[in-house]
Amino acid sequence: GKKQYDREFLLDFQFMPACI
Amino acid sequence: HQLQNRWALWFFKNDSSRAWQDNLHLVTKVDTVEDFWAMYSHIQLASKLSSGCDYALFKDGIRPMWEDSRNKWGGRWLVSLAKHQRHSKLDRLWLETLLCLIGESFEDHSREVCGAVVNIRTKGDKISVWTQEAENQASVLHIGRVYKEHLGLSTKAIIGYQAHADTATKSIRNKFVV
């Protein structure tokens, strides 16, 4: 399916540490 | 979290001794939510750039210029900011614009979107969303209405859509407004 993301979902990732 | 599209970030720094295209630099490409934020957190905020600079985020394969075949027949929804809004509004509006792009906020009409540009200018900064077909009224209007809502602009505020072909010949006029 089409990958649509709303702003709240996207903002949740803003300060998440990158996975290593 | 894979994005629907891969996006390329471009940076333009005005140097009048060089040709326009030589001042345009590809910074990086992202195709996941995580990579988008890694990119965003590593670059200067738009409000910190010097006058004459631009950022552009475009779908991979589309260059941020009118001449590109995917832009040639298109146009842009243009948000013009007053000088004093650089510090109060610019960064928030540009981020909302980026989130609309990578999140594919315009439903099926998102395929019409080519990218977005922020121009940092002494006279007043500008943010625009570029679409590929200025004559595609249904898509252009849908994108404009959704975009305006996402920016949180008041219903009294008017934003205009201009065809690149008109802008290029300096016969600037709003083809649509929302």
Does atom [atom1] of [X] have more than 12 heavy-atom neighbours, drawn from other residues, nucleotides or ligands, at distances under 6.0 Å?
{"X": "B:K48", "atom1": "NZ", "value": "no"}
{"X": "B:R6", "atom1": "CZ", "value": "no"}
{"X": "B:R111", "atom1": "CZ", "value": "no"}
{"X": "B:Q21", "atom1": "CD", "value": "no"}
{"X": "B:K72", "atom1": "NZ", "value": "no"}
{"X": "A:K2", "atom1": "NZ", "value": "yes"}

- Inter-residue atom distance A:F13.CZ - B:T32.OG1, 0.5 Å rounding: 9.5 Å
- Task: Supply the atom-to-atom distance A:L10 CG to B:S105 OG, rounded to the nearest 0.5 angstrom.
- Result: 7.5 Å
- Task: Please report the C-alpha distance between B:W37 and A:L11 in whole Å, then the side-chain angles of each, then the deciding distance to 0.1 Å, and finally whether the side-chain contact (heavy atoms from CB on, under 4.5 Å) criterion is met.
- Result: CA-CA 9 Å; B:W37 287 115; A:L11 286 166; 3.8 Å; yes
- Item | Heavy-atom proximity to chain A below 4.5 Å, by part of B:F36 | neither
- Task: Select one option (side chain, backbone, both, neither) describing which atoms of B:E96 are under 4.5 Å from chain A's heavy atoms.
- Result: side chain
- Go through A:Y5 and B:E104 one step at a time and tell me if the side-chain contact (heavy atoms from CB on, under 4.5 Å) criterion holds. CA-CA 7 Å; A:Y5 303 114; B:E104 308 282 331; over 6 Å; no
- Determine, step by step, whether B:E107 and A:Q4 satisfy the side-chain contact (heavy atoms from CB on, under 4.5 Å) criterion, reporting the C-alpha distance in whole Å, the side-chain angles of both residues, the deciding distance to 0.1 Å, and the verdict. CA-CA 8 Å; B:E107 292 95 36; A:Q4 283 182 267; 3.9 Å; yes
- Query: Between B:Q2 and A:K3, what is the shortest heavy-atom contact and its length?
  - Reply: O-CD, 3.0 Å
